[in-house]
Each structure stands twice: as C-alpha cells, then as structure tokens.
Visitor: 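My structure is below; once you've seen it, I'll send some questions.
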Amino acid sequence: FYAAYRELMQHWREVLRDRLYEVRYESLVSDAEGQARALSQYVGVDYTPRMLDVGRSDGMVATASVHDVRRGIQ
C-alpha cells in the first residue's frame with residue numbers, strides 16, 4: 001500500500017506542481033499550530049486558533065473515524 005501511495009503522490013506532484021500542499025502527519029501532530037499557520041498562509045486565509053479545534057466542530061462525520069475526529073489532533 002505504501003508503494004502505491006508513493007506512486008500516486010508522485011503523480012500528483014508532477015501534475016499539480018506547486019499547487020499541491022503536503023503535510024506530514026508527524027509534523028501535524030508535533031506542531032499543529034505551526035502547520036495550520038503555514039497552510040493558512042499557503043491558501044491565503046488568516047490563521048485563527050479555532051482552526052485547531054477540529055474536535056469541537058459540529059459538522060457531520062460519516063466515516064468509521066468519527067470517534068477519532070472528535071478527539072482532535074493528537
């Protein structure tokens with residue numbers, strides 16, 4: 001699966017070039033605020049601390065990971 005993921009990501013890197021923004025899971029977990037700030041700058045929106053409150057969102061989660069989503073970034 002990992003080899004397939006790497007191949008797929010290489011495809012998107014070639015197709016999208018600088019329009020693809022990648023976030024490493026490890027970086028997100030160790031520095032969520034820094035990653036959120038960098039992503040918000042990349043897409044051109046102002047950073048707000050509320051961006052880190054993903055576990056408090058009232059939005060519907062229709063996947064098997066619903067309980068993980070509600071725990072927030074860990």
Side-chain angles (χ1 to χ4, degrees):
F1 288 110
Y2 187 69
Y5 159 77
R6 288 181 54 121
E7 186 176 326
L8 179 62
M9 288 306 297
Q10 185 58 38
H11 165 77
W12 289 118
R13 284 184 198 106
E14 292 169 6
V15 171
L16 298 174
R17 300 193 185 273
D18 64 339
R19 293 181 295 160
L20 177 66
Y21 186 87
E22 293 185 66
V23 177
R24 296 193 61 200
Y25 174 79
E26 295 84 357
S27 299
L28 179 62
V29 171
S30 67
D31 182 23
E33 181 178 340
Q35 293 298 312
R37 285 181 181 277
L39 177 59
S40 64
Q41 181 178 13
Y42 180 81
V43 299
V45 299
D46 292 332
Y47 168 81
T48 65
R50 190 162 183 236
M51 291 176 175
L52 300 178
D53 288 336
V54 296
R56 296 179 188 222
S57 173
D58 294 336
M60 186 177 88
V61 178
T63 67
S65 64
V66 64
H67 300 291
D68 294 329
V69 170
R70 297 296 178 221
R71 287 190 323 203
I73 300 170
Q74 298 183 22

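FYI, the numbering just counts along the sequence from 1. These numbers were taken from a predicted model, which means no experiment stands behind them.
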Visitor: Given side chains that start at C-beta, do those of Arg13 and Arg17 come closer than 4.5 Å, heavy atoms only?
Guide: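 In short, these two side chains do not touch, never coming nearer than 4.5 Å.
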
Visitor: Yes or no on side chain to side chain contact (heavy atoms under 4.5 Å, CB included) for Val45 and Met51, after CA distance, side-chain angles and deciding distance?
Guide: CA-CA 11 Å; Val45 299; Met51 291 176 175; 4.1 Å; yes

Visitor: Might you confirm whether atom CD of Glu7 has over 12 heavy atoms from other residues, nucleotides or ligands at distances under 6.0 Å?
Guide: no

Visitor: Step by step, work out the side chain to side chain contact (heavy atoms under 4.5 Å, CB included) result for Val23 and Tyr42.
Guide: CA-CA 12 Å; Val23 177; Tyr42 180 81; over 6 Å; no

Visitor: Restricting to ring-ring contact (aromatic ring centres under 6.0 Å, His included), what partner residues turn up for Phe1, sequence neighbours left out?
Guide: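 Applying ring-ring contact (aromatic ring centres under 6.0 Å, His included) to Phe1 gives none.
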
Visitor: Taking the side chain as everything from C-beta on, heavy atoms only, tell me whether Glu22 gets closer than 4.5 Å to Met9.
Guide: yes

Visitor: Hey, is OH on Tyr21 packed in by over 12 heavy atoms from elsewhere, all under 6.0 Å?
Guide: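 Yes, OH of Tyr21 has more than 12 neighbouring heavy atoms, counting only those of other groups under 6.0 Å.
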
Visitor: How would you list all residue pairs meeting salt bridge (Lys or Arg N to Asp or Glu O under 4.0 Å) that involve residues 38-52, not counting sequence neighbours?
Guide: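 Found none.
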
Visitor: Rounded to the nearest 0.5 Å, how far does CG of Leu28 lie from OH of Tyr25?
Guide: 7.5 Å

Visitor: Test of understanding: with side-chain contact (heavy atoms from CB on, under 4.5 Å), list the residues that count as partners of Leu16, not counting sequence neighbours.
Guide: Trp12, Arg19, Leu20

Visitor: Who passes side chain to side chain donor-acceptor pair (under 3.5 Å) against Gln41, sequence neighbours left out?
Guide: none

Visitor: Sequence neighbours left out, what passes salt bridge (Lys or Arg N to Asp or Glu O under 4.0 Å) with Glu14? Give chain and number order.
Guide: none

Visitor: Just jot down the salt bridge (Lys or Arg N to Asp or Glu O under 4.0 Å) partners of Glu26, sequence neighbours excluded, or say none.
Guide: Arg24

